[in-house]
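Lettering of chains follows the sequences in order, A, B, ..., and the numbering in each one begins at 1.
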Number of protein chains: 2
Amino acid sequence: MQLEKIIQKLKEKGCKITPQRRAVIQSLLNFSKFPTALEVFNDIKATNPDVGLDTIYRNLNLLVEIGIVNSINLPGKDVKVFELSIDGHHHHLVCLNCGQADCLDYCPIDEQGLQTAAGSEFQITGHSLEIYGYCHKCKSALK
Amino acid sequence: MQLEKIIQKLKEKGCKITPQRRAVIQSLLNFSKFPTALEVFNDIKATNPDVGLDTIYRNLNLLVEIGIVNSINLPGKDVKVFELSIDGHHHHLVCLNCGQADCLDYCPIDEQGLQTAAGSEFQITGHSLEIYGYCHKCKSALK
DNA sequence: CTAATTGCAAATAATTTGCACTCGT
DNA sequence: ACGAGTGCAAATTATTTGCAATTAG
């Protein structure tokens, strides 16, 4: 199970496993989309009304630091959404209407060719590709 | 000159050309990097101490709406930087250390192949590719 | 003239932080 | 017990908005 594996990693880093920390991870696992901090908060509040939003932020940031989660900022919005990054390199299909982001296990980027295009002045370490458009639901709804 | 061309476009949209609006455009033209709203503000304040930061924001947003400028959000930071988009489709080399962003006139994306990979459920309308790494200055400085 | 634009100050919105208290180990 | 973690409220940061006064066309 994913939860335990992540908790294991946290323990290795010397972090304590509190109920709210466990809840944050569990919540991320449950979401079928990439939630904002607020959405995680509301999700957890349902079963655990005493959590503070700041605790959610602190835990999300911790997970980002550890490398278990990455934060993506959607264009236009000033919110970040959080994604469990258990799997490796991939990109996202971001719906411009509802904000839903899905993973796309396909990377058209040729780092080698990119480095050539960028020239030797700039040392490439990574890239982020977000693909914008409309998801199935929104595509039909907007018609 | 670029300034006049942009002003022409604004006039077509029925916008008035105020000194501060002209100053915002001129400032964007002058910058050798992509500035934040605050940087544009400070630049303009030097010669025109009475402008309000809000006017800068309003004008930048106007220019974004008209399509003359696009706003990019840097990873990690919660600021947007603004770029004159006189030229067409291109991407950016973003320095993770100093935040400087340069244009890269190269696009490795094959929209066709991408659409195939995404499947027919999702209708692609565009994409954003940011390339991260270290610029020449920071590369040597960090060594 | 008159609608767009401005500057100011106050309002939001997202996120962070200081602090005393609590809880995991 | 001890320090990491929490909840609260206040602080910060980036940006937006209401409004009365100003100004471009």
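- Side chains of H136(A) and Q123(B): a donor-acceptor N/O pair is absent below 3.5 angstrom, by distance only.
- The interatomic distance linking Q20(A) (CD) with dT22(C) (C1') rounds to 10 Å, in whole Å.
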Report, one pair per line, the protein and nucleotides 20-25 of chain D atoms (nitrogen or oxygen only) whose separation is under 3.5 Å.
| unit_1 | atom_1 | unit_2 | atom_2 | d |
| --- | --- | --- | --- | --- |
| dA24(D) | N3 | K16(B) | NZ | 3.1 |
| dG25(D) | OP1 | I17(B) | N | 3.3 |

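- Between the CG atom of L60(B) and the OG atom of S71(B) there is a distance of 9.0 Å, given to the nearest 0.5 Å.
- Closest heavy-atom contact between S85(A) and G67(A): OG-O, 3.2 Å.
- Look at CZ on R21(B): it is 7 Å from C1' on dT5(C), rounded to the nearest Å.
- Regarding I25(A), its CD1 atom lies at a distance of 12 Å from the P atom of dG5(D), rounded to whole Å.
- When atom types are taken as modelled, the side chain of R21(B) and the backbone of N59(B) share no donor-acceptor pair closer than 3.5 angstrom.
- Separating the CD1 atom of I72(B) from the P atom of dA14(D) is a distance of 17 Å, rounded to the nearest angstrom.
- If you take CG of N59(B) and C1' of dT16(D), they are 14 Å apart, rounded to a whole angstrom.
- No donor-acceptor distance shorter than 3.5 angstrom exists from the side chain of N48(A) to the backbone of I44(A), with no hydrogens or angles considered.
- At dG7(C), one or more side-chain N or O atoms of T55(B) fall inside 4.0 Å of OP1 or OP2 (strictly under the cut-off).
- Of all heavy-atom pairs spanning A118(B) and I124(B), the tightest one is CB-CD1, 4.0 Å.
- Remark on DNA chain C: of its neighbouring residues G14(B) and N48(B), the 5'-side contact belongs to G14(B), judged by nearest-heavy-atom nucleotide.
- Taken from OG in S128(A) to CG in L129(B), the straight-line distance is 7.0 Å, to the nearest 0.5 Å.
- Atom CG of D50(A) and atom P of dC23(C) are 11 Å apart (whole Å).
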Here DNA chain C, pairs taken as Watson-Crick or G-U under 3.5 Å and shown with ( ), [ ] when crossing and | when to another strand, reads ||||||||||.|||.||||||||||
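- Remark: P of dG7(C) and NZ of K45(B) are 12 Å apart, rounded to the nearest angstrom.
- Contact check on E39(A) versus K33(A) returns a salt bridge, with a Lys/Arg side-chain nitrogen under 4.0 Å from an Asp/Glu carboxylate oxygen.
- As a whole-Å value, the separation of I44(B) CD1 from dT5(C) P is 16 Å.
- A distance of 6.0 Å separates CZ of F82(B) from CG of N61(B), quoted to the nearest 0.5 Å.
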Restricting both atoms to N or O, compile the protein contacts to nucleotides 11-17 of chain C shorter than 3.5 Å, with distance only.
| unit_1 | atom_1 | unit_2 | atom_2 | d |
| --- | --- | --- | --- | --- |
| dT15(C) | OP1 | K80(A) | N | 3.3 |
| dT15(C) | OP2 | Y57(A) | OH | 2.4 |
| dT15(C) | O5' | Y57(A) | OH | 3.3 |
| dT16(C) | OP2 | N61(A) | ND2 | 2.9 |

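- Hydrophobic clustering of Ile, Leu, Val, Met, Phe, Trp and Tyr side chains at less than 4.5 Å, counting indirect connections, unites I7(A) with V64(A).
- Ring to ring, F34(A) and H92(A) are close: their centroids are under 6.0 angstrom apart.
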